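Below you'll find the structure, written out as structure tokens, and then a few comments.
Fair warning: this is a prediction, and the values are worked out from it, not measured in the lab. Chain letters run A, B, ... following the sequence lines, proteins first, then strands; residues in each count from 1.
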2 protein chains.
Amino acid sequence: MGASKTHSFTNQQNELAILAKALGHPARIAIIEYLLKVDTCICGDIVNELPLAQPTVSQHLKELKNAGLIKGNFEGVSICYCIDELGFEKIKSFFQDVTLHLEKRKNNCC
Amino acid sequence: MGASKTHSFTNQQNELAILAKALGHPARIAIIEYLLKVDTCICGDIVNELPLAQPTVSQHLKELKNAGLIKGNFEGVSICYCIDELGFEKIKSFFQDVTLHLEKRKNNCC
DNA sequence: TATTTATATTGCAATATTACGATACATATT
DNA sequence: AATATGTATCGTAATATTGCAATATAAATA
């Protein structure tokens, strides 16, 4: 085989995995960090900020977009990319859940 | 090529990507969720909780361990796995950073 | 209309991931 | 020592990801 057994897991588990996977590459972390840094959406120069060829960057942007972590809109000359807050909300709530569980956990192990 | 250009990114970016990637599979999300649910570490039956063969589960556990998201210790008969809080702290602080940036961002886009 | 500029798509090679059967290992029990 | 139980490793097939050159597309400008 080789393909993920997606159907064997819940929608929520798959959705979280997709979001996490999208962040599972340093270039995509770098893109997100850059979008946060410039603090706006007019950003027609993402390619120049990364040590990768233009088609590769385009592909990473596409994956982030598919996962729901960024949005892209036409903005005059170039395309304007920005953080999609909805996607980040979903992951964040997972980690908040994790934290909650960890805090009230008894200290009975490790 | 095909290999990730890891060396072109910062240590922090690579580390975050490794953590996110480890969570980028529904089986591994399921494992984390199960560990949180049982709320303890005596868990010699993770295999039975997942719709995957034992070697596959073992492999997923190894990846979570390598990424620093779970810890495994010998505990009598079976091996005791549990959440590694340190790994989760690292991701959490990234998302806190994201949130902070988003909150104070001007509404000048999208 | 021709040119420029920014981004997307295609095609392909190198590599990584996913899954599992077979098998090895390690510990406890008989 | 032999057996049982839980876990890890090996080997391998199927599939996915990564990266880029070449090329296509789309919008603004000359």
Side-chain angles (χ1 to χ4, degrees), chain A residues 1-9 13-14 17-31 34-35 38 41-67 69-82, chain B residues 1-9 13-14 17-31 34-35 38 41-67 69-82:
Chain A
M1 319 248 162
S4 258
K5 293 179 78 172
T6 303
H7 61 280
S8 301
F9 299 94
Q13 286 166 340
N14 280 309
I18 286 170
L19 287 164
K21 194 176 188 176
L23 291 172
H25 192 290
R28 296 195 288 266
I29 293 285
I31 290 171
Y34 179 68
L35 282 177
V38 298
C41 287
I42 305 141
C43 27
D45 53 350
I46 291 182
V47 173
N48 305 319
E49 295 292 324
L50 292 172
L52 296 168
Q54 181 269 323
T56 309
V57 174
S58 184
Q59 192 175 299
H60 283 306
L61 286 168
K62 193 178 170 186
E63 275 167 61
L64 284 170
K65 199 174 173 185
N66 286 342
L69 289 166
I70 65 173
K71 292 183 286 190
N73 303 296
F74 292 91
E75 185 83 31
V77 191
S78 59
I79 286 180
C80 140
Y81 277 113
C82 60
Chain B
M1 317 249 166
S4 257
K5 292 180 79 172
T6 302
H7 60 282
S8 301
F9 299 94
Q13 286 167 339
N14 280 308
I18 286 170
L19 287 163
K21 194 175 188 175
L23 291 172
H25 191 290
R28 296 195 288 267
I29 293 285
I31 289 171
Y34 178 67
L35 283 176
V38 297
C41 286
I42 304 140
C43 27
D45 53 347
I46 291 183
V47 174
N48 305 320
E49 295 293 324
L50 292 172
L52 295 169
Q54 181 268 323
T56 309
V57 174
S58 185
Q59 194 174 298
H60 283 306
L61 287 168
K62 193 178 169 186
E63 275 168 61
L64 284 170
K65 200 175 173 184
N66 285 343
L69 289 167
I70 64 172
K71 293 182 285 188
N73 302 295
F74 292 92
E75 185 83 31
V77 191
S78 58
I79 286 181
C80 142
Y81 277 111
C82 59

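Residue whose closest nucleotide on DNA chain D sits further toward the 5' end, between A/Glu63 and B/Val47: B/Val47. Two residues, A/Lys62 and B/Ala27, neighbour DNA chain C, and the one matched to the more 5' nucleotide by heavy-atom proximity is A/Lys62. Both A/Ser58 and B/Gly24 lie near DNA chain C, and the one whose nearest nucleotide falls closer to the 5' end is A/Ser58.
The aromatic rings of A/His25 and A/His60 are tilted relative to each other, their planes meeting at an angle between 30° and 60°.
Looking at heavy-atom distances under 4.0 Å, B/Lys65 makes no contact with the nucleic acid at all. Among the atoms of the strands shown, base atoms are found under 4.0 Å from some heavy atom of B/Gln59.
Side-chain proximity of A/Pro55 to D/dG19, C/dA16, D/dA22: nearest is D/dA22. When each of D/dT18, D/dC20, C/dT7 is scored by its nearest atom to the side-chain atoms of A/Thr56, the top-ranked nucleotide is D/dC20. Between D/dT7, D/dG19, C/dA19, one nucleotide has an atom nearer to the side chain of A/Leu52 than all others, and that is D/dG19.
Going from atom NE2 of A/His25 over to atom P of D/dA16 covers 18 Å, rounded to whole Å. Nucleotide C/dT9 holds its C1' atom 16 Å from the NE2 atom of A/His60, rounded to whole Å. Rounded to whole angstrom, the span from the CD1 atom of B/Ile46 across to the P atom of D/dT5 amounts to 20 Å. Rounded to an integer number of Å, the gap from NZ of A/Lys5 to P of D/dA16 is 15 Å. Rounded to whole Å, atom C1' of C/dC20 lies 15 Å from atom CG of B/Leu50. Atom CD1 of B/Ile18 and atom P of C/dA16 are 13 Å apart (whole Å). In this entry the distance linking CG of A/Asn66 with P of D/dT18 reads 13 Å, nearest Å.
Below the 3.5 angstrom threshold, one finds a donor paired with an acceptor across the side chain of A/Gln54 and the base of C/dA8.
Residue A/Tyr81 places none of its side-chain N or O atoms closer than 4.0 Å to OP1 or OP2 of C/dA6. For the pair B/Lys21 and D/dT17, the criterion of a side-chain N or O lying under 4.0 Å from OP1 or OP2 is not met.
Nearest heavy-atom pair, A/Phe9 versus A/Asn14, reported as atom, atom and distance to 0.1 Å: O-ND2, 3.5 Å.
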